[in-house]
Amino acid sequence: MSDIRIVAEVILKPGQRDTLMPILQDLVSGSRAEDGNRGYELTCNLENADHLFVIETWASEEAIAEHNTSPHFQSFVEAIENRVERMTVNKLKQLV
């Protein structure tokens with residue numbers, strides 16, 4: 001089975017980026033240390049720093065399920081409540 005990729009698009013409410021950066025940094029470092037993680041990047045749109053993309057690569061659905069219950073992911077979920085305009089998660093598989 002090939003790796004599973006996730007691209008999460010997070011549009012923050014104005015003025016929330018600095019407040020959330022410590023949580024986001026913990027999310028990235030904690031996620032990269034997880035078994036089954038093959039890559040975890042936090043990026044932002046060059047024209048709008050409040051428009052974030054999390055680009056993830058996982059070995060399996062089981063690894064994603066474990067990630068979703070991890071303390072650093074749960075802290076992120078709690079921290080973004082009422083601080084995001086919109087969040088979209090796309091789970092992808094490579095075709096070619």
Side-chain angles (χ1 to χ4, degrees):
M1 176 192 238
S2 63
D3 291 342
I4 300 167
R5 292 189 175 87
I6 294 176
V7 176
E9 179 182 23
V10 183
I11 300 176
L12 303 176
K13 290 182 178 179
Q16 296 299 314
R17 187 168 185 240
D18 290 342
T19 301
L20 290 173
M21 277 312 293
I23 298 290
L24 292 166
Q25 289 170 334
D26 288 345
L27 174 66
V28 171
S29 62
S31 299
R32 287 178 177 168
E34 290 182 56
D35 289 339
N37 180 262
R38 305 234 199 268
Y40 207 94
E41 300 175 41
L42 174 65
T43 64
C44 72
N45 184 304
L46 289 174
E47 296 173 5
N48 180 352
D50 290 334
H51 192 167
L52 309 178
F53 294 87
V54 182
I55 303 166
E56 313 169 33
T57 305
W58 297 95
S60 65
E61 289 284 353
E62 293 80 13
I64 295 169
E66 287 181 33
H67 167 69
N68 289 343
T69 64
S70 68
H72 50 271
F73 184 77
Q74 290 301 310
S75 292
F76 164 74
V77 170
E78 291 173 21
I80 64 169
E81 188 173 339
N82 299 317
R83 291 189 169 113
V84 298
E85 293 288 340
R86 178 171 48 102
M87 185 164 117
T88 306
V89 177
N90 299 283
K91 197 180 290 186
L92 312 167
K93 69 176 182 174
Q94 185 173 344
L95 295 177
V96 179

Student: Decide whether Phe73 and Met21 are clustered together by the hydrophobic rule: side chain heavy atoms of Ile, Leu, Val, Met, Phe, Trp, Tyr closer than 4.5 Å, transitively.
Tutor: yes
Student: Quick one: do Ile6 and Leu92 satisfy side-chain contact (heavy atoms from CB on, under 4.5 Å)? Show the steps, please.
Tutor: CA-CA 6 Å; Ile6 294 176; Leu92 312 167; over 6 Å; no
Student: Side-chain contact test, heavy atoms from C-beta onward, threshold under 4.5 Å: evaluate it for Glu34 versus Tyr40 and give yes or no.
Tutor: no
Student: So, for Gly36 and Ala63, which heavy atoms are closest and what is the spacing to 0.1 Å?
Tutor: CA-CB, 3.9 Å
Student: Rounded to the nearest 0.5 Å, how far apart are CD1 of Ile64 and CG of Asn37?
Tutor: 10.0 Å
Student: Is there a path from Met87 to Leu27 through hydrophobic residues (I, L, V, M, F, W, Y) whose side chains come within less than 4.5 Å of each other?
Tutor: yes
Student: Can you get from Phe53 to Leu42 by hopping between Ile, Leu, Val, Met, Phe, Trp and Tyr side chains that sit under 4.5 Å apart?
Tutor: no
Student: Following the transitive rule for hydrophobic clusters with a side-chain heavy-atom cut-off under 4.5 Å over Ile, Leu, Val, Met, Phe, Trp and Tyr, establish whether Ile55 and Val28 coincide in one cluster.
Tutor: no
Student: Is there a side-chain contact between Ser29 and His72 (heavy atoms, below 4.5 Å)?
Tutor: no
Student: Let me see the working for Ser60 and Glu62 under side-chain hydrogen bond (donor to acceptor under 3.5 Å, both in side chains), right down to the final yes or no.
Tutor: CA-CA 5 Å; Ser60 65; Glu62 293 80 13; 3.3 Å; yes
Student: Evaluate side-chain contact (heavy atoms from CB on, under 4.5 Å) for Cys44 paired with Arg17, printing each intermediate quantity in order.
Tutor: CA-CA 11 Å; Cys44 72; Arg17 187 168 185 240; 4.1 Å; yes
Student: Is it true that a side-chain atom of Gln74 and a backbone atom of Asn68 form a donor plus acceptor pair closer than 3.5 Å?
Tutor: yes
Student: Run the salt bridge (charged side-chain N to carboxylate O under 4.0 Å, His left out) test on Glu56 and Lys91 for me, step by step, so that the C-alpha distance in whole Å, both residues' side-chain angles and the decisive distance to 0.1 Å come before the verdict.
Tutor: CA-CA 9 Å; Glu56 313 169 33; Lys91 197 180 290 186; over 6 Å; no
Student: If you take all heavy atoms of Ile23 and Phe76, which pair is closest and at what distance?
Tutor: CG2-CA, 3.6 Å
Student: Indicate yes or no: at least one non-hydrogen side-chain atom of Asp50 is less than 4.5 angstrom from one of Ile11.
Tutor: no
Student: Apply side-chain contact (heavy atoms from CB on, under 4.5 Å) to the pair Leu52 and Thr43, showing each step before the final yes or no.
Tutor: CA-CA 6 Å; Leu52 309 178; Thr43 64; over 6 Å; no
Student: Side-chain contact, heavy-atom cut-off 4.5 Å: Asn90 with Thr88?
Tutor: yes
Student: Going hydrophobic residue to hydrophobic residue with side-chain gaps under 4.5 angstrom, can you get from Leu24 over to Val7?
Tutor: no
Student: Closer than 4.0 angstrom, basic N to acidic O: yes or no for Glu78 and Arg83?
Tutor: no
Student: Would you mind checking if Arg38 and Asp3 are paired as a salt bridge, meaning a charged N to carboxylate O distance below 4.0 Å?
Tutor: yes
Student: Give a yes or no on whether the backbone of Thr57 and the side-chain of Arg5 come within a donor-acceptor separation of less than 3.5 Å.
Tutor: no
Student: State, to 0.1 Å, how close His67 and Ser31 come at their nearest heavy-atom pair, and which atoms those are.
Tutor: CE1-OG, 3.0 Å
